[in-house]
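The structure appears below as structure tokens.
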Amino acid sequence: LISFGCSDTNPVNSPLQSESTIQLDKFNDCQFYISKIIDGSIGGEISIDTLLRNVQGNLVRVEVCLKIDSLSFEGTREITIIPNVNDASVQFFPKMKFSVPAKLHLVYTGLDLEKLGFTENCKVDFVFINDGGIIEPVEYNFCTINWPQQQLRVSNAKVFHFSRYAFFK
């Protein structure tokens, strides 16, 4: 079962479980999210390819695919992905750790890279940002910037725990 949603307030209430509330303390705008219930013993995949509007009113294409291997965690969890087209970040809930890292493929196309602080020839990285704002590197196959398409892409990023991740120069 997959659910999509948009919330105008900071909490995102999942239609799957009414007691499941996600606090988005760093987000104020309407946030798109996708949730799916995953059994950790089996694993699973959450994928989305959609267009979202940023705060400037421009459409940004978001492609997300999160693959969770079998035996990555115990029990069954509702996994939520919240892409942010305003700062090229993504958040995952609930906060949890994996015994086998999840694999993330993420592409934002149609961003205003200059407004985000990127330049045509800069090197781009994909990082974990902890609650204190400390940046930690993430292992991945490749991370690229495509200036003509105003695109950021990361492939096969290893996600050992859920939190906030972002593209960084």
Quick one: do [X] and [Y] end up in the same hydrophobic cluster if we chain Ile, Leu, Val, Met, Phe, Trp and Tyr together by side-chain heavy atoms under 4.5 Å apart?
X    : Y    : answer
F126 : W147 : yes
L71  : I79  : no
V100 : F92  : no

Side chains of [X] and [Y], heavy atoms from C-beta outward: is any pair under 4.5 Å?
X    : Y    : result
N58  : D112 : no
V124 : K169 : no
Y33  : F93  : no
N130 : E136 : yes
L152 : F118 : yes
V85  : F32  : no

Provide the closest heavy-atom pair for [X] versus [Y] in the form atom of the first, atom of the second, distance.
X    : Y    : value
D131 : S163 : OD1-OG, 4.4 Å
V90  : L106 : CG1-CD2, 3.9 Å
E45  : I38  : N-CD1, 4.1 Å
F128 : H161 : CE1-CE1, 3.2 Å
S41  : S70  : O-CB, 3.3 Å
P101 : D69  : O-OD2, 4.3 Å

Within this structure, what is the [atom1]-[atom2] distance for the pair [X] and [Y], rounded to the nearest 0.5 Å?
X    : Y    : atom1 : atom2 : value
K115 : D87  : NZ    : CG    : 14.0 Å
L113 : T119 : CG    : OG1   : 9.5 Å
R77  : D39  : CZ    : CG    : 11.5 Å
L104 : S155 : CG    : OG    : 9.0 Å
L59  : T50  : CG    : OG1   : 9.5 Å
H105 : L66  : NE2   : CG    : 12.0 Å

TODO: Kindly assign one of parallel, tilted or perpendicular to the pair F98 and F162, based on the angle between their ring planes and the thresholds 30° and 60°.
DONE: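 Correct class here is perpendicular.
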Task: Positive for side chain to side chain donor-acceptor pair (under 3.5 Å) with T109, one of R61, Q151, R153, Q150 - done: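 For T109, the side chain to side chain donor-acceptor pair (under 3.5 Å) test succeeds with only one of R61, Q151, R153, Q150, which is Q151.
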Open item on the list: Run the salt bridge (Lys or Arg N to Asp or Glu O under 4.0 Å) test against K67 and tell me which residues pass, sequence neighbours left out.
Closed with: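 By the salt bridge (Lys or Arg N to Asp or Glu O under 4.0 Å) rule, K67 matches no residue at all.
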Open item on the list: Test question: given the 4.5 Å side-chain rule for I, L, V, M, F, W and Y, name all other residues clustered with V107, or answer none.
Closed with: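 Joined to V107, directly or through intermediates: none.
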TODO: Determine yes or no for a side-chain-to-main-chain donor-acceptor pair under 3.5 angstrom, with Y108 supplying the side chain and S89 the backbone.
DONE: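 Flag set: sc Y108 to bb S89 pair under 3.5 Å.
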